[in-house]
Amino acid sequence: MLLLDGKTASAAVKNEIREETLQLLAAGKRAPHLAAILVGTNGASETYVASKVKNCEEVGFRSTLIRMDADVAEAELLDAIARLNADPEVDGILVQLPLPKQISEQKVIEAIDPDKDVDGFHPSSAGKLVQGLPSFIPATPYGIMLMLELFDITTKGKHAVVIGRSNIVGRPMSILLSSNQKRGNCTVTICHSHTPNLQEICLQADIIVAALGRPEFVKADMVKEGAVVIDVGITRVDDPTAKKGFRIKGDVAFAEVAPKTSAITPVPGGVGLMTIAGLLKNTLQAYKQNHAI
Ligand code: NAD
């Protein structure tokens, strides 16, 4: 069994990005710049945004974090996005989800300039992805594709089962794996909360991507011998014995599933780190587009 270690894989991607950034700086150009907006003080969102900012610094990017109160009006958030859209010094914009109830996530996603849409959530980016046109790929599926490439996982002709159909993970993942590209050409089955016989379907999978947000949902009796298992799930599960009072659990029961697989991602230390790598790649791409490089 090959452990698809996100630490090694993301370090490789980040090294490449750092090199390219150093070259830009050496040529007298400014650094790529990511602006992140965080609304409220949700613990997990704080952690994700802090990590994104830290990773920007590590590769030599500039980053700006804009914090807004949880009760901020939608119009105020949209104004902040409009300012970032208009700022030529900002290459990529992300608004950390989820947002408080008074704010329409869809409006926010659509307010971001598609040329700065480094999360790849704008309908324009999603439409391009479906049509196989160059676009910003949502960071998590992008990170998984980078991981498949780095570990040389064969996808052509394989049956991939994607569990989850969100716009952020499951659906773009299913599109990428079915696309006519190097790490695509799978036959894809996309499953969701209304899928009957999930176990039967999973047992036919050469590749399983679990993105449903239910801790340890995928058990050994759902996985074929030799399958590749990609665990996207991140759920905080209360654990008074843990330092922080919780543990991070994936969607796969790792201990029992891993021995049956040919390759598997751990949680933590797997897809989460690759998501950041995907975001950094998108930010560099946005910079290059904006500078016509
Ligand atoms: P979501 O809640 O938007 O979507 C979950 C999907 O799972 C839905 O399409 C739903 O139909 C499906 N589902 C739910 N229960 C099911 C069941 N019993 N059987 C089959 N399908 C079922 O979640 P999301 O935003 O796609 O995130 C999924 C998980 O991935 C979460 O744990 C989230 O925290 C994690 N996540 C991780 C990263 C990362 O970087 N590793 C990034 C994004 C999301």
Side-chain angles (χ1 to χ4, degrees), residues 4-7 9-10 13-14 36 42-52 54-55 94-99 105-106 108-109 118-121 126 129 136-148 160-177 188-205 208-219 221-223 229-238 246-254 264-282:
L4 301 173
D5 173 23
K7 261 191 209 156
S10 66
V13 176
K14 279 166 59 182
N42 173 296
S45 293
E46 290 264 1
T47 310
Y48 295 148
V49 171
S51 172
K52 289 169 187 175
K54 181 172 149 269
N55 275 275
L94 74 84
V95 179
Q96 185 65 43
L97 304 180
L99 290 168
E105 286 191 353
Q106 195 56 32
V108 167
I109 286 168
V118 289
D119 257 340
F121 298 160
L129 181 68
F136 293 112
I137 303 167
T140 301
Y142 192 10
I144 294 170
M145 297 307 283
L146 292 169
M147 189 176 236
L148 296 176
V161 170
V162 178
I163 316 174
R165 60 178 166 189
S166 72
N167 289 338
I168 294 172
V169 190
R171 196 173 300 281
M173 198 63 231
S174 71
I175 292 162
L176 288 162
L177 286 172
V188 177
T189 304
I190 181 158
C191 301
H192 46 75
S193 47
H194 297 280
T195 302
N197 313 326
L198 190 63
Q199 182 185 20
E200 213 175 283
I201 296 167
C202 284
L203 279 169
Q204 295 167 24
I208 295 178
V209 179
L212 67 161
R214 312 227 160 199
E216 305 193 328
F217 179 90
V218 176
K219 304 276 197 258
D221 63 5
M222 297 169 75
V223 178
V229 174
I230 308 291
D231 188 352
V232 183
I234 296 183
T235 307
R236 288 183 172 198
V237 177
D238 289 344
F246 65 84
R247 282 188 201 286
I248 301 292
K249 294 272 181 196
D251 286 345
V252 176
F254 185 90
I264 185 167
T265 61
V267 175
V271 172
L273 297 173
M274 295 311 293
T275 295
I276 304 256
L279 173 70
L280 296 174
K281 291 266 285 185
N282 276 342

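Each residue takes its place number in the sequence, starting with 1. Note that ligands are numbered from 1 as they come in the structure, with each ligand's atoms numbered from 1 the same way. Please read all numbers here as calculations on a predicted model, not as lab measurements. Atoms considered below: every heavy atom in the structure, side chains included; atoms not considered: hydrogens, waters and symmetry mates.
Atom numbering of ligand 1 starts at 1 in the shown order; those under 4.0 Å from a heavy atom of His192 are 11 (O), 19 (N), 20 (C), 21 (N), 22 (C). Residue Ile163 approaches ligand 1 through these ligand atoms, each under 4.0 Å from one of its heavy atoms: 20 (C), 21 (N). Which parts of ligand 1 touch Thr275 is read off a 4.0 Å heavy-atom cut-off, strictly below it: atoms 39 (C), 40 (O). Interface atoms of ligand 1 facing Ala211, defined by a heavy-atom separation under 4.0 Å, are 5 (C), 6 (C), 7 (O), 28 (C).
Residues satisfying the side-chain contact (heavy atoms from CB on, under 4.5 Å) test with Ile234, not counting sequence neighbours, are Tyr48, Ile248. Every residue meeting the side-chain contact (heavy atoms from CB on, under 4.5 Å) condition with Lys281, not counting sequence neighbours, appears here in chain and number order: Val13, Glu16, Ile17, Tyr142, Leu146.
Distances from atom 12 (C) of ligand 1 to the heavy atoms of Pro196, Pro141, Gly164 put Gly164 nearest.
Among protein heavy atoms, atom 15 (N) of ligand 1 sits closest to Arg214 NE, 3.2 Å. When hydrogens are left out, the protein atom nearest atom 22 (C) of ligand 1 is Ser193 N, 3.5 Å; that is the closest non-hydrogen contact. From the protein, the heavy atom lying nearest to atom 44 (C) of ligand 1 is Val169 CG2, 3.9 Å. Ranking protein heavy atoms by distance to atom 37 (C) of ligand 1, first place goes to Val232 O, 3.0 Å. Closest to atom 29 (C) of ligand 1, if we only count protein heavy atoms, is Gly213 N, 3.6 Å. Among protein heavy atoms, atom 9 (O) of ligand 1 sits closest to Arg165 N, 2.9 Å. At the shortest separation from atom 34 (O) of ligand 1 among protein heavy atoms lies Ile234 O, 3.0 Å. At the top of the distance list for atom 17 (C) of ligand 1, counting protein heavy atoms only, stands Leu212 CD1, 3.6 Å.
There is a protein heavy atom less than 4.0 angstrom from atom 41 (N) of ligand 1.
Judged by distance alone, with hydrogens and angles left aside, the side-chain atoms of Asp231 form a donor-acceptor pair with the main-chain N or O of Val252 at under 3.5 Å. Of the possible polar contacts, one joining the Gln199 side chain to the Asp221 backbone as a donor-acceptor pair under 3.5 Å is found. One N or O on the side chain of Glu105 and one on the backbone of Leu99 form a donor-acceptor pair closer than 3.5 Å. Side chain of Asn42 to backbone of Ser45: a donor-acceptor contact under 3.5 angstrom is found.
Put simply, no part of Thr195 is less than 4.0 Å from ligand 1, judged by heavy atoms. Residue contacts with ligand 1 leave out Gly170, since none of its heavy atoms falls under 4.0 Å from the ligand.
Side-chain contact between Ile168 and Phe121 is present, with at least one heavy-atom pair separated by less than 4.5 Å. At least one side-chain heavy atom of Asn55 sits under 4.5 Å from a side-chain heavy atom of Ser51. Considering only heavy atoms from C-beta on, Ser10 stays 4.5 Å or farther from Ile276 through its side chain. Using a 4.5 Å cut-off on side-chain heavy atoms (C-beta onward), Thr235 and Arg214 make no contact. Residues Asp251 and Ile163 have side chains not in contact (no heavy-atom distance under 4.5 Å, counting atoms from C-beta outward).
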Steps toward side chain to side chain donor-acceptor pair (under 3.5 Å) verdict (Arg165, Thr195):
CA-CA 11 Å; Arg165 60 178 166 189; Thr195 302; over 6 Å; no
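At least one N or O atom of Ser166, backbone or side chain, sits closer than 3.5 Å to an N or O atom of ligand 1. Not one N or O of Phe217 is nearer than 3.5 Å to an N or O of ligand 1, by distance alone. Note: no N/O pair closer than 3.5 Å links Cys191 and ligand 1 by distance alone.
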